[in-house]
Amino acid sequence: MARVLRLPDKGRLLVCTDLQGCMRDFKRMVEVFEAALLKYSGDAHLLFTGDLIHCPHIDPEDWPDFLGEYYRDASGEVMIALAALAAQYPGRVHALLGNHEHGHIGGPHTAKFAADEVALLEQILGPSGTARMRGIIHTFALAAVSKCGAIFTHAAPAAVLTSIADLENADLSGAQYASPLDVLDTPVVGKVLWARSASVAEARRFVKALNGTMSIYGHDVVPEGYECVGDEQMVLSTSFGLFDQNKMYLVLDLAARYKGVGDLRIGHELLPLYPDKAPTRLGGTAKS
Ligand SMILES: [Mn+2]
């Protein structure tokens, strides 16, 4: 797989973060994408920024509020649906590696919702389903860059990069480590997949090394839908950990040049996933 995805310099780009196995939000994002294809004469792209898989296996009555809207895990189905969508729209559906996917292809096994989520999902899928999912994950990039200035990664832009080559040459196999956990301490992969935050100085250095102006990522949950950090960072929450009314996605004009996240406006670039449930302050139509 190419470690760095170079997005085209025209068309609209829709951005969706952390689905964590939520099929309903995946399907809603596909609706949004297909509407954009119609609106922009077929020139639209859809980017998932990792963590499409792994979800708490909890019954509705025990589901805590901080996990947001209730859903049942459909991790395997989401990955199959993603591959089908990518086949249906060649070159227009993209995904980045998240720390949860990485566990299936050599990274440390995540233990957010289960003692070993990688082992649990692979047991659910069986050997052939697991092989198929790993094949899909191997198509995921580590980062996406664009002429519009936006840089996309799964986690916060805390890695110290000298140039794009540091991402292109990143080793994701885990083969060189004594333990997969050692990945967490690697300066590039560990940060790109796991960093929860980055300082303004770190983010500036990161986007500059990639000739961009701003960093867009998920990984952490922002219950309000999004958060800007300085003018270089936006944390976006499209699905996991949120109630429907706060779920947000991004639509960017790939032919534009954004100076920073201050150029991303609610109701224009920043849109509610479920506008009829979202309050007007998030660009929705619900009476709040
Ligand atoms: Mn993550």
Side-chain angles (χ1 to χ4, degrees), residues 2-7 9 13 15-18 47-51 96-100 102 107-108 110 140-172 177 181-238 240-241 248-250 252-254 256-266 268-270:
R3 294 276 178 270
V4 181
L5 167 69
R6 288 170 169 81
L7 291 160
D9 56 8
L13 175 72
V15 185
C16 171
T17 66
D18 313 71
L47 174 68
F48 296 96
T49 65
D51 284 3
L96 302 181
L97 194 68
N99 54 309
H100 284 269
H102 190 211
T110 50
F140 291 12
L142 191 55
V145 298
S146 68
K147 294 229 171 70
C148 79
I151 309 287
F152 303 92
T153 47
H154 176 63
V160 179
L161 305 177
T162 48
S163 78
I164 199 165
D166 291 341
L167 292 173
E168 285 167 334
N169 299 328
D171 184 354
L172 298 172
Y177 306 118
L181 285 173
D182 292 349
V183 171
L184 301 177
D185 298 325
T186 63
V188 175
V189 174
K191 292 276 201 303
V192 168
L193 296 179
W194 289 88
R196 294 235 168 258
S197 64
S199 69
V200 169
E202 285 172 325
R204 274 189 192 150
R205 192 174 52 197
F206 186 90
V207 298
K208 197 178 168 203
L210 300 173
N211 296 315
T213 54
M214 60 185 183
S215 164
I216 314 282
Y217 57 96
H219 181 52
D220 212 355
V221 173
V222 183
E224 300 80 19
Y226 74 100
E227 182 182 6
C228 295
V229 183
D231 207 32
E232 292 82 16
Q233 301 179 67
M234 178 179 279
V235 193
L236 180 68
S237 285
T238 307
F240 177 72
M248 301 292 282
Y249 69 95
L250 209 52
L252 299 181
D253 178 358
L254 290 169
R257 180 72 181 176
Y258 299 98
K259 293 189 296 290
V261 295
D263 286 347
L264 308 179
R265 303 158 296 171
I266 285 171
H268 295 267
E269 289 81 16
L270 197 51

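Each residue takes its place number in the sequence, starting with 1.
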*Measure the CG-OG1 distance between Asp171 and Thr186 for me, rounded to the nearest 0.5 Å.*
9.5 Å

*Would you check if Leu172 and Phe140 make a side-chain contact, meaning some heavy-atom pair closer than 4.5 Å?*
no

*asked:* Restricting to non-hydrogen atoms, name the atom on Gln233 and the atom on Pro157 that form the minimum distance, rounded to 0.1 Å.
replied: OE1-CD, 3.5 Å

*Check against side chain to side chain contact (heavy atoms under 4.5 Å, CB included), Val235 and Tyr217*: CA-CA 5 Å; Val235 193; Tyr217 57 96; 3.6 Å; yes

*Are side-chain heavy atoms of Leu254 and Ser146 found at a separation under 4.5 Å?*
yes

*What's the spacing between Leu250 CG and Met234 CE if we round to 0.5 Å?*
6.0 Å

*asked:* Measuring only between side-chain heavy atoms, which start at C-beta, is Val261 closer than 4.5 Å to Tyr226?
replied: no

_Min side-chain heavy-atom separation Glu269-Asp263 under 4.5 Å_ = no

_Test your reading of the model: is there a side-chain donor-acceptor pair from Ser215 to the backbone of Ala203, 3.5 Å cut-off?_
no

*In Å and rounded to the nearest 0.5 Å, what is the OG1 to CG distance from Thr213 to Asp231?*
8.5 Å

_Residue pair Phe240 / Thr17, side-chain heavy-atom distance below 4.5 Å_ = no

*Show the numbers, then the answer: is there a side chain to side chain contact (heavy atoms under 4.5 Å, CB included) between Asn99 and Asp51?*
CA-CA 7 Å; Asn99 54 309; Asp51 284 3; 3.2 Å; yes

*In Å, rounded to the nearest 0.5 Å, how long is the span from OH of Tyr258 to SG of Cys148?*
6.0 Å

*Between OG of Ser197 and NE2 of His219, what distance do you get to the nearest 0.5 Å?*
9.5 Å

*Less than 4.5 Å apart, any side-chain heavy atom of Thr238 and any of Val15?*
no

*asked:* How close do Thr153 and Thr49 get, counting heavy atoms only, and between which atoms?
replied: O-CB, 4.1 Å

_I'd like to check Met248 versus Val222 (side-chain heavy atoms, cut-off strictly below 4.5 Å). Are they in contact?_
no

*List for me each residue that meets side-chain hydrogen bond (donor to acceptor under 3.5 Å, both in side chains) alongside Arg6, sequence neighbours excluded, and say none if there are none.*
Glu168

*Take Leu167 and Leu210, measure what side chain to side chain contact (heavy atoms under 4.5 Å, CB included) needs, and give me the verdict at the end.*
CA-CA 10 Å; Leu167 292 173; Leu210 300 173; 3.9 Å; yes

*Are side-chain heavy atoms of Leu5 and Leu47 found at a separation under 4.5 Å?*
yes

*asked:* With a 3.5 Å distance limit and no angle check, can you tell me whether Arg3 reaches the backbone of Ala143 through a side-chain donor-acceptor pair?
replied: no

*Give, for atom CD1 of Ile151 and atom CZ of Phe206, the distance between the pair rounded to the nearest 0.5 Å.*
7.0 Å

*Given Lys208, Arg204, Arg205, the one that forms side chain to side chain donor-acceptor pair (under 3.5 Å) with Glu232*: Arg204

*Would His154 and Leu97 count as a side chain to side chain contact (heavy atoms under 4.5 Å, CB included) if you check the C-alpha gap in whole Å, the side-chain angles of each, and the deciding distance to 0.1 Å?*
CA-CA 7 Å; His154 176 63; Leu97 194 68; over 6 Å; no

